[in-house]
Amino acid sequence: MGDAGVPEKGIRIAIDRGGTFTDCVGNPGTGRMEDDIVIKLLSEDPQNYKDAPLEGIRRLMEKFTNTEIPRGKALDTTKIESIRMGTTVATNALLERKGEKMAMVVTKGFKDCLEIGNQSRPKIFDLAIRRPDVLYQKVIEVDERVTLEDYAEDPARNQTKTDAKHTESENNELVQGLSGEAVRVLQRPDEAKIEESLKQLYDEGFRSIAVCLMHGYTFPVHEALVGKVAQEIGFEHVSLSHELMPMIKLVPRATSACADAYLTPAIKKYIAGFEAGFEGGLGTEATKQASGEKAARCEFMQSDGGLVDVDKFSGLKAILSGPAGGVVGYALTSYDPETKTPVIGFDMGGTSTDVSRYGSGRYEHVFETTTAGVTIQSPQLDINTVAAGGGSRLFFRNGLFAVGPESAGAHPGPACYRKGGPLAITDANLFLGRLLPDFFPKIFGKNEDEGLDPEASKKLFEDLTKEINSKTGKSMSADEVAYGFIKIANETMTRPIRSLTEAKGHDTSKHRLATFGGAGGQHAVAIAESLGIRQVLVHRYSSVLSAYGMALADVVDESQVPESEIWKDEDDKVKKSLGSKIDELKQRSGKRLKEQGFDDDSVEFEEYLNMRYRGTESALMIVRPSESESKNNFGGDNFAFGKAFVAQHEQEFGFTLPDRDIIVDDVRVRGIGKSFRGMSKTADQQLKEIKQKDIDQSRAYSTSDVYFDGGRRKTQIYKLEDADVGDRITGPAIIADGTQTIVIPPGAAAIIIETHVVINIGDSNSSNNQQVSIEKADPILLSIFAHRFMAIAEQMGRALQKTSVSTNVKERLDYSCALFDSTGGLVANAPHLPVHLGSMSTCVRTQAQIWKGKLKKGDVLVSNHPEYGGTHLPDITVITPAFAPVGKNGEEEILFYVASRAHHADIGGILPGSMPPHSRELYQEGAAIKSELLVHQGQFDEKRITELLYDEPAQYPDCSGTRCLADNLNDLKAQIAANKKGITLIESLIEDYGQKVIAFYMKQIQENAEQSVRSLLKEVHKRFEGKDLHAVDYMDDGSPIELRITIDGEKGEAVFDFEGTGPEVYGNVNAPEAVTYSAIIYCLRCLIDQDIPLNQGCLKPVKVQIPKGSFLSPSEKAAVVGGNVLTSQRVTDVVFRCFEACAASQGDCNNLTFGFGGNLVSKDSKDGQKEQVKGFGYYETIAGGSGAGKDWEGTSGVHTHMTNTRITDAEVFERRYPVILREFGLRAGSGGNGQHRGGDGVIRDIEFRIPVQVSILSERRVYRPYGLHGGEDAQCGKNIWVRKVKKAKSKGSGGEHEGQRREDKEDDVEQFEERRISMGAKNTANMQPGERIIVMTPGGGGYGRAGEKSQVDLKEDYEKNWKKGSLANRLAEWESSS
């Protein structure tokens, strides 16, 4: 804990104010660990003290000075050198929505940008869509606008040069932004109007505002003007987005500015109250003014793992303040710079489990994370809260064991807390003897002086065991049930840990696990084993490691500026330009650190460039390679950012794009004021030096019966303080002290060293390949396999997203991955796109029959044809069989299949984007692949797939082959790689359990889903008193979809009969049968309203009858592109109408495409030869309103039912394409009125800057989304072309100039006027520069009669209190792309 660069003064205090406890570590100034004093107290104890950190400091000062200090007396700072603190004040204000009343100021047309967000819904199967509330109470729009002059997808790569700086925008339309990009000023703001709007806000009581204007990251002039006016009016806090985080993306930057304006005032109030508890001031300024006598340094931990002076601590950077200390703590105590073994941090407390990683000797930062539903753009440590910790509740649901996501919290807490709480993980550990009441604080009961209550846990486990045995016919013991829950909890936590490390291209087994937090020691070894980790480190201070981390941390100063340079390894001019920007940032940062008392010797810098390949949005923050890295890896090049980017891209994504430019998006410098000089000896050095010896068992504190795999075993309990350095304690054993319990299972051994308990895990292969009975399903194993199968599909999805090139897969997440049994029946489908759910199985089953007995190991199939289980042609499915040996002759048979389906940006046809609104025949929609070998015995057949995608579609009239063949090939390879990942993962499962067990549980998991659907159908039959369910709805062309559902209430079976549905259409709303199956499986899963495995079993009790020749079962050559994205939504509406589940949602995807180019017949060609015209294509789907239901209101501006893809951020949209987004907001009043209102649609107004071909493919432009039970219908959508039309020349204009001949011949100039033309539901137009398309999407229907009392049930989102981090971002992508 020794400081460097700071004069020695005295007592140093480090504090972590957590959710339940506040931990304090104090040192008298010696820096020696043995002199530390540790205090733990409750964070909330209003009867005894107002503020826990102040109380902790008071108690420490009493101990250090040996004098009694009365409560409430101001503390003397003369003996204190420094106070360092992490706090949950910001996080709690965010979770509880108790921040400052604030308003947002945004560019005109974007007032709803945060309400719409990325337009996806958080949970795909929730009909009652609940998105987090916005933080602001009011929005002010400013009539100002700038845009970027050039666009990234320009095939000609034009770059506009301008000498005018952004500060000279008053007199120039075209200026250079901070990023070096040319910025066009379209509309300057009116200062007087801004003042008027802000004064009105001020008069309404607002004192804090957030300002975020379009492209403010590179053109801050207009934001600065708003800030200046606000300061003059007297606003106390103004957050300007370009000052907080000058990075592209309007929505995350605006959210960040709002979070800062919402939280910083709350933090300032807290700090003012904290400072009032001291005599003398706190912080750098105070120490300067008081010459250091009556003042102490005071620093707060930021989310990025660095400390900042108390005066500079802000809300935006405070959100992970507490957990960041823990990461610093384990990073500096568990990582050895010599051995370089990376460490995974596992922090399991009572209310949350945090996971992070530390490797390469530096912290891993992310720039977009989610906390309490708020996505924030700011450098933060990559800490991910993955579960609810020891408080995770235990359930037996639908025949499966489930842990969480509900939490028992601190009140009432687990059953053993003596407050009548439910069963939780803590109870399971207590019941099994893994948690010792003797070592747990006695803070329970009426008088808060009793220990844990084992009897309460025991009774509830015995009751639950009886229930499970009666439902399953098994005869499990309460021990087996409790241990089953422990195994499921470990499985639940292992999944995100694995995804966190593997998503970055790291192998979990090559790490150590550093565990801390109160509950970590009970689960660490089991979790390490699951991850293939062989060593666990538990610091002696592990229960107060966050506070200890504060004491070890460095002071940090971050600076960042936007950039747009194209990196070239051989271009010295670019390197010089970037180098000078880095130097400028270093000077600024160094100056600020010097002001805080650091000299040159104790200041270090990390230099970064944020880099990406052109055409992608997957930027990587690349640190400048160290001297040794440059020498070893980059030929001594000490500015090898480009080479380092390529190497990291290869590691993280598995590929590089050598033919693409590398773009530099940002320049960043992290200045570090070093205050920690390293531990005297690392854990590795200590392990080398100590002499290990088995501990004398007579020193055991006691012996207890503890449950491990297979039963209870006599287990020695040791007190940590009774063990000597070098003692080896072999499992089974428990090591405990007053704050933690470490479980050492059989096969593991703990070694005590000076700073840690090191647990080595033996070779446990023997325990895994257990003999599992396949006579009857074991509910614990069934639950584990449900997790494992789903994890495989999820990891396939991550592999596909990582290695794909196209925007559709990487950013819009338009893909799905799944696992199938040997017949092609769905076993597990990661919850990606609903429209793929049932249809992929149809595809795999069809291909399995076609190729029966013909496939060999290494073969991969490809198909997209609607007759063969496809949905629409851009969705290409790649299928890989997995073989297993049978018999003794080495013969192999297919045990299962894996498949991945991805939406390709273009596969040819009559229009760019392959989503033509007016296709009549299938060939017009692009390449149609029935069944082909994409890979033959390991060889990728590039020649054949190129023929299929590029040559064959171009042979049809007016058609082109694919317009982006390179992307198609890359994405197909990514799909192959994703499938390979799935097969590898299942093979390792087979190794553990054997193929018979895997095949048996694949079948059992399908039966489990089948039973859930049967129960649902029985319940519906009862509710409707045995009557048939019937509904009909219409496509905009009048084609009916009619459905009658007849349910057998005894068996729980149903017939879905579509008799009465209209005939095949000479258009493209025909839907292959697979689409209807997808819609039905999606609807059934929504109606069950519980987490069940999604697989073939869901459809087993259902018989679907679709009339042949109807537009739900069209002929082989029928056009189908609209069936997948439009008809699927109407089928969903009809199914839900039958069940009376909810009013109709927008019933549409609003598919918009634009672009130019392709391999088309040249105008000059006499022989019909085609030529390649370089261009681009863009495709998006646009949100609308969701339908209301019996206890929920509809949600506005959200994707519904069969799709959930994200929208491109407004700033990225304008950077990549030649467009101006004039408006993207909610369409007020478009939702249906009722007892519960339907959600509103949106308005999306796009102006084009070059000539492009624009297509819209939509529905619900004629028939309105229905209301239910007296609720009103919603408004239809509209598609408007704002066209520039030549004005008719008049014969004379009258007035004083009539008859005069004007010199300038103005009357010869063509004049244009704007006309608004309806495009109908499906159309294509060639739009000219300055022309616009305005898409107004439908709302959702209302539910119940208007005026009746609302029955809205605000159900709690159990995960909102703990799910956070960049993984939460990714999981949100999954559940929503889900």
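Note that the structure is predicted; figures quoted are calculated from it, not measured. Numbering of residues begins at 1 and proceeds along the displayed sequence. As a basis for the values below, the full set of heavy atoms in this structure was taken, side chains included, without hydrogen atoms, waters or symmetry mates.
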Checking Arg1244, Arg1206, Arg1216 against Glu1180 for salt bridge (charged side-chain N to carboxylate O under 4.0 Å, His left out), the one that qualifies is Arg1244
Which of Asp1036, Asp1133, Asp1148 passes salt bridge (charged side-chain N to carboxylate O under 4.0 Å, His left out) with Arg1260? Answer is Asp1133
Practice problem: Show your reasoning for whether side-chain contact (heavy atoms from CB on, under 4.5 Å) applies to Ile1220 and Glu1214. | Solution: CA-CA 6 Å; Ile1220 299 169; Glu1214 290 189 9; 4.1 Å; yes
Under 4.0 Å between a side-chain nitrogen and a carboxylate oxygen: does that hold for [X] and [Y]?
X	Y	answer
Glu1211	Arg253	yes
Glu115	Arg131	no
Glu1223	Lys108	no
Asp133	Arg97	no
Glu1272	Arg1237	no

Please report the interatomic distance [atom1]([X]) to [atom2]([Y]), rounded to the nearest 0.5 Å.
X	Y	atom1	atom2	answer
Leu911	Ser919	CG	OG	8.5 Å
Phe1224	Ile1182	CZ	CD1	7.0 Å
Thr1200	Gln119	OG1	CD	10.5 Å

Test of ring centre spacing under 6.0 Å for Tyr1082 and His1201: yes
Are a donor atom and an acceptor atom from the side chains of [X] and [Y] found within less than 3.5 Å of each other?
X	Y	result
Glu1193	His1236	no
Glu1042	Thr1061	no
Ser1255	Thr1324	yes
Arg901	Ser839	yes
Thr1181	Thr1203	no

For [X] and [Y], indicate whether the former's side chain and the latter's backbone hold a donor-acceptor pair under 3.5 Å.
X	Y	answer
Glu925	Val1121	yes
Asn1068	Pro917	yes
Asn1151	Tyr1179	no
Glu141	Gly109	yes
Ser1110	Pro1063	no
Ser1230	Asp1240	no
Arg920	Gly1067	no
Ser1145	Gly1147	no
Gln1129	Leu1126	no
Asn1070	Ala1118	no

Please evaluate residues Ile1080 and Val1104 with respect to the criterion side-chain contact (heavy atoms from CB on, under 4.5 Å), reporting the C-alpha separation (whole Å), side-chain torsions for both, the decisive distance (0.1 Å), and the verdict. CA-CA 9 Å; Ile1080 291 170; Val1104 182; 3.7 Å; yes
- Query: Got Asn864 and Thr871 here, is their nearest side-chain heavy-atom distance under 4.5 Å?
  - Reply: no
message: Tell me whether the count of non-hydrogen atoms from other residues, nucleotides or ligands lying under 6.0 Å of CZ in Arg1023 goes above 12.
response: yes
Practice prompt. Would you check, one step at a time, whether the test side-chain contact (heavy atoms from CB on, under 4.5 Å) holds for Asp1245 with Leu1221?
Written response: CA-CA 6 Å; Asp1245 182 346; Leu1221 185 59; 5.9 Å; no
Stacked cation flag Arg1222 on Phe1248, 6.0 angstrom / 45 deg: no
